[in-house]
Amino acid sequence: MGDVNRGNQGRTSMSTPLVDGLTVSEAAGDDVKKTSRDQREALPGEPICVVCGRYGEYICDQTDSDICSLECKQTLLGRAADTHLPVGHPLPKRLAATDECFYVRDSESLPLTSDQTELLRRKLEIHVKGDSVPDPILSFSSCDLPEKLQHNMQTLGYDMPTPIQMQGIAAALTGKSLLASADTGSGKTASFLVPVVSRCATFRHGNLSKSKKPLAMVLTPTRELCIQVEEQAKLLGKGLPFKTALVIGGEAMPRQLYRIQQGVELIVGTPGRLIDLLAKHDIELDDIMILVLDEVDCMLQKGFRDQVMQIFRALSQPQVLMYSATMSQEVEKMASSMAKDLIFVSIGQPNRPSKAVKQLAIWVESKQKKQKLFDILMSKQHFLPPSIVYVGSRIGADLLSNAITVTTGLKALSIHGEKSMKERREIMKSFLVGEVPLVVATGVLGRGVDLLGVRQVIVFDMPNSIKEYVHQIGRASRMGEDGTSIVFVNEENRNLFPDLVEVLKSSGAVIPRELVNSRYVKRSFPMVKGQRKRKYGS
Ligand SMILES: Nc1ncnc2c1ncn2[C@@H]1O[C@H](COP(=O)(O)OP(=O)(O)OP(=O)(O)O)[C@@H](O)[C@H]1O
């Protein structure tokens, strides 16, 4: 079955080599559950079979997933073979052809002259700051990555690096710390995971010590994002000495601890649960050489900052890789205090929404918002499923999803932090496989989550900051594919008017008349000759 069998009375490690794909104990029929029906239900806190949900007594060594029986292992491997990808993973995508002129295959690649580097950076809007910033890489094969990692990237359809990967991977592989910003959906995750997998696998290969203490840690603000990052890390690290542990709330801690104790290279987690785990159990972090803060502006904000700093202080001066689509001067300052000799990378203009998302802002009074939403959802022309509707509260998400189903007949589900992790996973699954065309979500799905296939975002309740808005509408486009967003605005959002107008203007979107005329928006329209200056606010 796999390397590890979890007996009822403690766990036994089975390191016996595989015989025709089965371990020796399996081949001997040694008590291994044959079908899902032979397996019992999982007790609270126990691992769950990824195929049928029963007790996940075994770990499948090919996919590193929990499974209950031989039958489910076959199902799991069958699914993976169909797509050459693990279950549930979306099919690989290719870069838009227009980007290709910037990339060269390895055989053609020669070191760039400084003029060429400058030209390339200018064309791709790669901005860098810092000492000895390396040149961007032009292909994944040019930077000495382990062969298996390169193969895994190819399987995922990563033929060529995106601009953030070109510069981010080159910088991270030098071992220096990095603060990087790039559009939503532009490949930031692989930009930090590729160096993480590469450095960890290389370290394990070259290090004969038996110690299997974690080598890298990725912190993100939400459970959904952690799940996704861990999944991607597994795909990139397949076949390499690279195991992962997911440390998030809402899932049993013993299982998370067990994985770490078995020996992992990477821990992916939310700060709260990680601190909880570290406080209760003796986990040695002295080998951690890379700390990643994904969505760094959120991670260094009040609320997360203290927890993140507590974890950071427990580590021994790791390389710190910090990424987000949005930045602020305060974040830059804090990041500089965490790491010496920091490299700054930004692609395009920071804090701007992805150009691939066509924005529409509609002025709607609060009382009319529901009706307006129903009108959109019932219009073939305007409703472009699968869609996400963002609201400001958990209760709002529940009420609105029910109201949508009752009024429009569309199947809509809500997703928010009060739902159990199991429910959240199931809802995400039915959304991603197309069973549910619409999800009403709070901020838990606002940042980082790669919702492939989603082409429409409706911001029903404007979030508290323009940055969150940029992240939310970013779910409508991945890797530059076209998407649309609709935002409802009214006087209640007046504190965001100036920023919203800026963002809409910079994207060439139409600004609603009410917003243009609002006294909360500073006018910067040129005065017509002879026109008297209006008093600001009148
Ligand atoms: N080089 C590449 N070639 C093709 N596809 C890629 C490449 N790099 C990443 N992708 C795919 O692009 C999609 C978006 O990437 P990712 O989720 O990393 O974006 P992001 O920049 O982190 O976005 P966000 O700011 O929303 O978190 C993913 O589906 C990912 O698998």
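In listed order, ligands and their atoms are each counted from 1.
- Not a single N or O atom of H471, backbone or side chain, sits closer than 3.5 Å to an N or O atom of ligand 1.
- Only the backbone of D183 comes within contact range of ligand 1, with a heavy atom under 4.0 Å; no side-chain atom does.
- Heavy atoms from both the backbone and the side chain of T184 come within less than 4.0 Å of ligand 1.
- If you check the side chains of S414 and D398, you find a donor sitting under 3.5 Å from an acceptor.
- Residue contacts with ligand 1, taken as heavy atom pairs separated by less than 4.0 Å, involve R475 solely via side-chain atoms from C-beta onward.
- Geometrically, ligand 1 and G185 share a nitrogen or oxygen pair separated by less than 3.5 Å.
- If you number the atoms of ligand 1 from 1 as listed, the ones under 4.0 Å from a heavy atom of M160 come out as 1 (N), 2 (C), 3 (N).
- The atoms of ligand 1 that sit less than 4.0 Å from any heavy atom of G448 are 24 (P), 26 (O), 27 (O).
- In terms of polar-atom proximity, defined here as any N/O pair under 3.5 Å, D159 makes no such contact with ligand 1.
- In this structure, the side chains of L445 and E224 come closer than 4.5 Å at one or more pairs of heavy atoms.
- Under a 4.0 angstrom heavy-atom cut-off, A182 registers as lying outside contact with ligand 1.
- In terms of polar-atom proximity, defined here as any N/O pair under 3.5 Å, G187 does make such a contact with ligand 1.
- Of the heavy atoms in Q165, only side-chain atoms (C-beta onward) come closer than 4.0 Å to ligand 1.
- At a cut-off of 3.5 Å, with distance as the only test, no side-chain donor of H471 or T184 sits close to an acceptor on the other residue.
- The shortest N or O to N or O distance between P161 and ligand 1 is not under 3.5 Å.
- Each of the following atoms of ligand 1 lies closer than 4.0 Å to a heavy atom of T189: 16 (P), 17 (O), 18 (O), 22 (O).
- Inspection of the S181 and Y323 side chains reveals no N or O donor paired with an N or O acceptor under 3.5 Å.
- Nearest-residue assignment for atom 30 (C) of ligand 1 (options F192, Y323, Y158; heavy-atom criterion): Y158.
- Here R424 contributes atom CZ and L413 contributes atom CG; the two are 14.5 Å apart, rounded to the nearest 0.5 Å.
- Ligand 1 has no nitrogen or oxygen under 3.5 angstrom from a nitrogen or oxygen of Q232.
- Using 4.0 Å as the threshold, G474 has no heavy atom nearer than that to any atom of ligand 1.
- Within the 4.5 Å cutoff, side-chain heavy atoms of R478 are placed close to those of D450.
- The side-chain heavy atoms of F192 and V229, taken from C-beta on, include a pair separated by under 4.5 Å.
- The distance from atom CD of Q167 to atom CG of L178, rounded to the nearest 0.5 Å, is 8.5 Å.
- Only the side chain of R478 comes within 4.0 Å of ligand 1, judged by heavy-atom distances.
- Interface atoms of ligand 1 facing S186, defined by a heavy-atom separation under 4.0 Å, are 19 (O), 20 (P), 21 (O).
- Residues D297 and K467 meet the side-chain proximity criterion, which asks for heavy atoms closer than 4.5 Å.
- Atom OG in S177 sits 10.0 Å away from atom CD in Q317 (nearest 0.5 Å).
- Atoms of ligand 1 found under 4.0 Å from any heavy atom of G157, numbered from 1 in the order shown, are 3 (N), 4 (C).
- When all heavy atoms of L410 and F383 are compared, the closest pair comes out as CD1-CE2, 3.7 Å.
- One side chain, Q359 or S507, offers a donor N or O that lies under 3.5 Å from an acceptor on the other.
- Contact between E295 and ligand 1 is present, with at least one heavy atom of the residue lying under 4.0 Å from the ligand.
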